[in-house]
Amino acid sequence: MNANNKKNKGNRALRFYNQVLGLDRLHYGLWEHDDEFSIEGVKKAQERYEKYLLNLIPSDVKTILDVGCGTGIMAENLKRSGYTVEGLSPDIFQKELSTYLFHLCCFQDFMPKIRYDCIIMSESSQYIPLPHLFDVAKKSIKTDGYLIVSDYFLLDHASGPLSKSGHTLKKFLNVAGQYGFKINHDEDITDRVTKTLDVAMHFVEKYVIQSIDIATEKIKENRPHLFYFICWLFRKKINRIKEDIKLLDSHEFKRIKRYKLMLFQLREEDDYHKDSPFTALLPRERFT
Ligand SMILES: C[S@@+](CC[C@H](N)C(=O)[O-])C[C@H]1O[C@@H](n2cnc3c(N)ncnc32)[C@H](O)[C@@H]1O
């Protein structure tokens, strides 16, 4: 798959969540057991995810670059909480939504004018090639500054359609280490996010597939030749829908992926190997 196809596929998924499901946020939700199995439930879980992520921001952080800032809701919340925030994305529509300093580019092409205390990548790291992600992050973050990554990653044995998105976890962590990023917090939240896929799958099966079935039933009965002609005409679109539906399979997701919440700290070159790779957890519960 070339870069453009990959980008279009990513944008299709985002458009689906945003325009079809009506979600303002473009990331998974963090679920509790009793959350409602509905789009409203997804929204609540997404808000919880955001608070959980933002509580990872260390207390000495003042300036933040939100890489792949999406609809900008998180950046807005950060601004309201007193941080100096900038956003970055290659998407012109996201620039139009922004109310903060916005860099319209891919992160791998970004040339920072300042160094930030913290960079946040909420489900955007998977779009940024390695090792460029850490190379540019290293040039953009102050020494001892932070990189928060929340995203899904592939396990070594990953295969099938779902394996086309996400970095391999092992490689990601290796490259991070090579560029001087030490991991301060590492949390696997896979089991708490995959209900987002179940709701999306349910919605697609119930509303999208059933609507197509109902709409085409009459044509299929009365004009079978026309029906098969239409199917042939739209075969690429139909195949694409079938492929996209496979991307919502939560069992397959759990088999080949891990959703990780990680806080890295950029260390002085000399310090790379001094400390243990894991240090104490940083303060939580500031975003409630
Ligand atoms: C799944 S959305 C996540 C949006 C937002 N961070 C959130 O959590 O709702 C992925 C974001 O990454 C952005 N993106 C895609 N490719 C990128 C790249 N090469 N560099 C920076 N951002 C990129 C997209 O435009 C989009 O804003």
Side-chain angles (χ1 to χ4, degrees), residues 1-30 42-57 64-79 85-98 100-112 116 118-137 139-140 147-153 162 164-167 172 189 193 196-197 200 244 247-248 253 257 259-262 287:
M1 186 181 285
N2 67 34
N4 269 342
N5 283 346
K6 215 170 178 174
K7 195 172 155 205
N8 287 338
K9 198 155 191 169
N11 287 343
R12 256 199 344 267
L14 294 191
R15 279 201 340 250
F16 173 76
Y17 283 109
N18 192 218
Q19 292 168 10
V20 182
L21 300 187
L23 298 171
D24 293 336
R25 293 176 162 87
L26 305 176
H27 52 74
Y28 283 61
L30 189 70
V42 175
K43 287 183 185 167
K44 197 171 152 197
Q46 284 183 321
E47 281 172 32
R48 188 181 296 117
Y49 162 102
E50 186 182 293
K51 282 173 191 157
Y52 201 74
L53 174 71
L54 299 187
N55 275 318
L56 261 193
I57 301 172
I64 297 179
L65 177 65
D66 182 359
V67 170
C69 50
T71 54
I73 292 198
M74 190 172 81
E76 285 294 332
N77 284 342
L78 286 167
K79 242 173 75 176
V85 184
E86 296 179 16
L88 180 150
S89 160
D91 188 322
I92 183 77
F93 298 108
Q94 291 170 27
K95 177 177 165 57
E96 282 162 15
L97 292 173
S98 67
Y100 35 83
L101 181 58
F102 189 97
H103 304 276
L104 182 66
C105 64
C106 286
F107 186 64
Q108 59 271 32
D109 304 325
F110 180 50
M111 287 194 267
Y116 304 88
C118 180
I119 286 183
I120 299 181
M121 295 181 181
S122 165
E123 271 180 47
S124 56
S125 71
Q126 58 182 276
Y127 301 99
I128 305 165
L130 296 176
H132 312 287
L133 184 154
F134 288 104
D135 187 30
V136 179
K139 292 173 187 147
S140 313
L147 169 65
I148 295 177
V149 176
S150 181
D151 215 329
Y152 54 74
F153 294 89
L162 262 175
K164 294 199 174 103
S165 62
H167 292 295
F172 192 84
I189 55 171
V193 300
T196 317
L197 291 172
D244 283 357
L247 302 180
L248 301 175
F253 184 101
K257 291 188 176 183
Y259 200 111
K260 297 281 239 170
L261 185 50
M262 297 184 283
F287 287 82

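Position 1 is the first residue of the sequence, and the numbers go up from there. If you're wondering where the values come from, they're calculated on a predicted model, not measured in any experiment. Counting starts at 1 for both ligands and their atoms, in listed order.
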Inset, instruction - Please report the closest heavy-atom contact between Tyr152 and Ser165, naming both atoms and the distance. - result: OH-OG, 3.2 Å
Inset, instruction - Compute the shortest N/O to N/O distance between Ile128 and ligand 1 and return yes if it is under 3.5 Å, no if not. - result: no
Inset, instruction - Classify the ring geometry between Tyr28 and Phe253 as parallel (under 30°), tilted (30 to 60°) or perpendicular (over 60°). - result: tilted
Legend entry - Residue Leu88 vicinity, atoms of ligand 1 by number, heavy atom under 4.0 Å: 21 (C)
Inset, instruction - Check each heavy atom of Met121 against ligand 1 and say whether those closer than 4.0 Å belong to the side chain, the backbone, both or neither. - result: neither
Legend entry - Proximal candidate to atom 25 (O) of ligand 1 [heavy atom criterion; set Ser125, Gly68, Ser89]: Ser89
Legend entry - N or O contact, Gln94 vs ligand 1, cut-off under 3.5 Å: yes
Legend entry - Residue list, salt bridge (charged side-chain N to carboxylate O under 4.0 Å, His left out) with Lys79, at least two apart or on another chain: none
Inset, instruction - For ligand 1, indicate whether the residue Gln108 contacts it via side chain, backbone, both or neither (heavy-atom separation under 4.0 Å). - result: side chain
Inset, instruction - Run down the list Tyr127, Phe110, Tyr49, Phe107 and name the one with the heavy atom closest to atom 16 (N) of ligand 1. - result: Tyr127
Legend entry - For His27, atoms of ligand 1 separated by under 4.0 Å from a heavy atom: 7 (C), 8 (O), 9 (O)
Legend entry - Side-chain heavy-atom pair Leu147, Met121 within 4.5 angstrom cut-off: yes
Legend entry - Short N or O distance, Glu123 and ligand 1, threshold 3.5 Å exclusive: no
Legend entry - salt bridge (charged side-chain N to carboxylate O under 4.0 Å, His left out) partners for Lys260, two or more places apart: Asp186
Legend entry - salt_bridge(Lys95, Asp91) N-O dist < 4.0 Å: no
Legend entry - Considering all heavy atoms, the nearest Leu53-Ser150 contact: CD1-CB, 3.7 Å
